[in-house]
Each structure stands twice: as structure tokens, then as C-alpha cells.
Amino acid sequence: MKAKTFDKQFDKGVDITAALELSKAKRVLQEQKRVNVDFPTWMIESLDRERS
């Protein structure tokens, strides 16, 4: 699909997801990294109270 057609369909509200190759999509600056952090028990309990 040409960009002009893509833009027109998008502007009209047409579902353009079929024209996208989502398998290669990436979220910029959204890479995740796992870290381990030790918190004191009182802090965890406080966070649990806030969550409730």
C-alpha cells in the first residue's frame, strides 16, 4: 500500500492494521530490564496498605 493511500485510510478511520507488519514492531525506549531490589519489611507493608 502506498503511503498516500495509507494516510487517507487512516484519516478516514479505516482499520489499517492489516497493512502493518506487527511482528517487527518495537516500542522505542521501552526495553525492559529486570533488577533485584531489597526493601525493608516496613516499606513493603506500607506499599501493600497503599495498594489496598
Side-chain angles (χ1 to χ4, degrees):
M1 176 183 305
K2 293 188 177 196
K4 203 175 226 182
T5 306
F6 182 89
D7 288 343
K8 284 181 182 178
Q9 288 186 351
F10 179 82
D11 290 341
K12 289 180 184 177
V14 176
D15 182 10
I16 46 88
T17 54
L20 303 174
E21 190 164 343
L22 299 175
S23 65
K24 295 183 179 180
K26 293 182 181 178
R27 295 186 73 187
V28 180
L29 301 176
Q30 296 294 317
E31 181 182 338
Q32 292 185 356
K33 187 173 247 184
R34 181 174 296 275
V35 296
N36 293 323
V37 181
D38 294 325
F39 291 110
T41 304
W42 65 265
M43 188 177 290
I44 302 297
E45 292 168 353
S46 176
L47 290 169
D48 284 343
R49 280 192 301 274
E50 285 290 324
R51 181 194 62 189
S52 298

Single-linkage hydrophobic cluster [X]~[Y], side-chain heavy atoms < 4.5 angstrom:
X: Leu20; Y: Val28; value: no
X: Val35; Y: Met43; value: yes
X: Trp42; Y: Val37; value: yes

(message) Tell me if the CG atom of Leu22 is crowded by more than 12 foreign heavy atoms within 6.0 Å.
(response) yes
(message) Atom CD of residue position Gln30 - does it have more than 12 heavy atoms of other residues, nucleotides or ligands inside 6.0 Å?
(response) yes
(request) Look up atom CZ in Arg49 and atom CG in Leu47, then write down how far apart they are to the nearest 0.5 Å. (result) 9.0 Å
(request) Starting at CE of Met1, measure out to CG of Asp7 and round the result to the nearest 0.5 Å. (result) 10.5 Å
(message) Taking the side chain as everything from C-beta on, heavy atoms only, tell me whether Thr5 gets closer than 4.5 Å to Lys8.
(response) no
